[in-house]
Amino acid sequence: MSDDSGTTDASIDADLETLIQLISRMVRGMKGADGHRDAEGLMTRVKDAGLGPRHVPALMALVLHGPAPVGVLARHMALNPATASQLLGELERGGFVERRPDDRDRRRMIVSLHEEHRAAIERFAWRRVRPLRTALETLDPVERGHFLKGWRVLVDSIEHARRRKPDSARDD
């Protein structure tokens, strides 16, 4: 394999091949047979409510950090509060979350999973989070730092490439 410039680096190419294989295995594992039916059921409910995959991180944040105020969830999702509020409002209209006034500060709203969907959302989330947590627990703090740095570089590279590519040329 070579890059666009025509140069090759065998060790980079071998590592790239390994990375592609590992990502593929990870995606298959996250979709695993035991959780596939649950995932399909939840995603069908999400789609039926007029929502999409972009709403799933908000549900995951609520499993991991909720019930919580919008601002707290926004920080956990690395979104600005307005965007987080919009996503959570859409999830509320779809019946997946509910808002109630904070008992200590009535001006603040606490967002939580709606009881009707709580079990399915929690199963969906924990089937995906548990293996990630287990993997991180096997690494010492320095290794975790390197591991997360690698993921940040990968995600930043993907986001940078998407920003540079004109909308009409995108493959998705």
Side-chain angles (χ1 to χ4, degrees), residues 16 19-102 108-137 147-148 150-172:
L16 178 60
L19 181 60
I20 290 167
Q21 292 168 357
L22 290 170
I23 289 172
S24 179
R25 287 175 54 197
M26 182 186 71
V27 169
R28 279 194 310 271
M30 296 292 255
K31 290 181 178 179
D34 62 335
H36 189 64
R37 189 172 30 253
D38 282 342
E40 279 186 348
L42 179 61
M43 290 312 294
T44 296
R45 286 188 251 175
V46 167
K47 288 177 186 170
D48 288 349
L51 306 172
R54 73 187 192 96
H55 294 87
V56 173
L59 295 173
M60 300 286 279
L62 278 162
V63 169
L64 295 173
H65 308 289
V70 173
V72 170
L73 294 169
R75 282 192 300 279
H76 286 298
M77 292 185 290
L79 296 174
N80 68 52
T83 302
S85 183
Q86 178 185 357
L87 284 173
L88 293 164
E90 292 165 354
L91 283 164
E92 182 179 28
R93 286 187 290 283
F96 291 92
V97 304
E98 52 194 6
R99 296 181 200 219
R100 62 173 172 69
D102 186 335
R108 201 162 74 156
M109 298 299 281
I110 301 296
V111 182
S112 61
L113 294 173
H114 193 287
E115 200 55 44
E116 179 183 348
H117 300 290
R118 177 182 307 283
I121 293 167
E122 287 178 346
R123 273 192 312 275
F124 175 89
W126 286 111
R127 280 200 171 111
R128 282 148 185 81
V129 170
R130 206 169 280 118
L132 299 173
R133 183 179 183 92
T134 299
L136 290 173
E137 287 172 342
F147 178 79
L148 293 173
W151 273 98
R152 282 187 194 97
V153 168
L154 174 61
V155 170
D156 289 348
S157 177
I158 290 168
E159 290 173 346
H160 179 75
R162 287 186 61 84
R163 284 191 302 269
R164 285 191 13 232
K165 196 173 187 181
D167 287 340
S168 61
R170 287 193 179 153
D171 300 358
D172 56 294

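Quantities reported herein were computed from a predicted structural model and do not represent experimental measurements. Residue numbers count from 1 along this sequence.
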To the nearest 0.5 angstrom, please state how far the [atom1] atom of [X] sits from the [atom2] atom of [Y].
X: His65; Y: Met60; atom1: NE2; atom2: CE; value: 10.0 Å
X: His55; Y: Lys47; atom1: NE2; atom2: NZ; value: 13.5 Å
X: Trp151; Y: Asp156; atom1: CH2; atom2: CG; value: 12.5 Å
X: Arg93; Y: Leu88; atom1: CZ; atom2: CG; value: 10.5 Å
X: Leu87; Y: Leu73; atom1: CG; atom2: CG; value: 11.0 Å
X: Leu91; Y: Leu59; atom1: CG; atom2: CG; value: 5.0 Å

Other residues, nucleotides, ligands: >12 heavy atoms within 6.0 Å of Arg25 CZ: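 Open: at most 12 neighbouring heavy atoms sit under 6.0 Å from CZ of Arg25.
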Test: Arg54 and Glu90 ion pair at under 4.0 Å: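 Glu90 and Arg54: salt-bridged.
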State whether Arg118 and Glu115 are salt-bridged, where the test is any N-O pair (Lys NZ or Arg NE/NH1/NH2 against Asp/Glu carboxylate O) under 4.0 Å.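 Judged by the 4.0 Å cut-off on N to carboxylate O distance, Arg118 and Glu115 do form a salt bridge.
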Heavy-atom distance under 4.5 Å between the side chains of Val70 and Arg99, does that happen here? yes
Minimum-distance pair of heavy atoms, taken over all atoms of [X] and [Y]:
X: Ala84; Y: Met77; answer: CB-CE, 3.8 Å
X: Arg108; Y: Pro69; answer: CZ-CG, 3.7 Å
X: Val111; Y: Leu62; answer: O-CD2, 3.4 Å
X: Arg45; Y: Glu116; answer: NH1-O, 4.5 Å
X: Ala49; Y: Phe96; answer: CB-CE1, 3.7 Å
X: Pro67; Y: Ile110; answer: CB-CG2, 3.6 Å

Between Arg130 and Thr134, is the side chain to side chain donor-acceptor pair (under 3.5 Å) condition met? List the steps. CA-CA 6 Å; Arg130 206 169 280 118; Thr134 299; over 6 Å; no
Test side-chain contact (heavy atoms from CB on, under 4.5 Å) on Ile121 and His114; report intermediate values, then the result. CA-CA 10 Å; Ile121 293 167; His114 193 287; over 6 Å; no
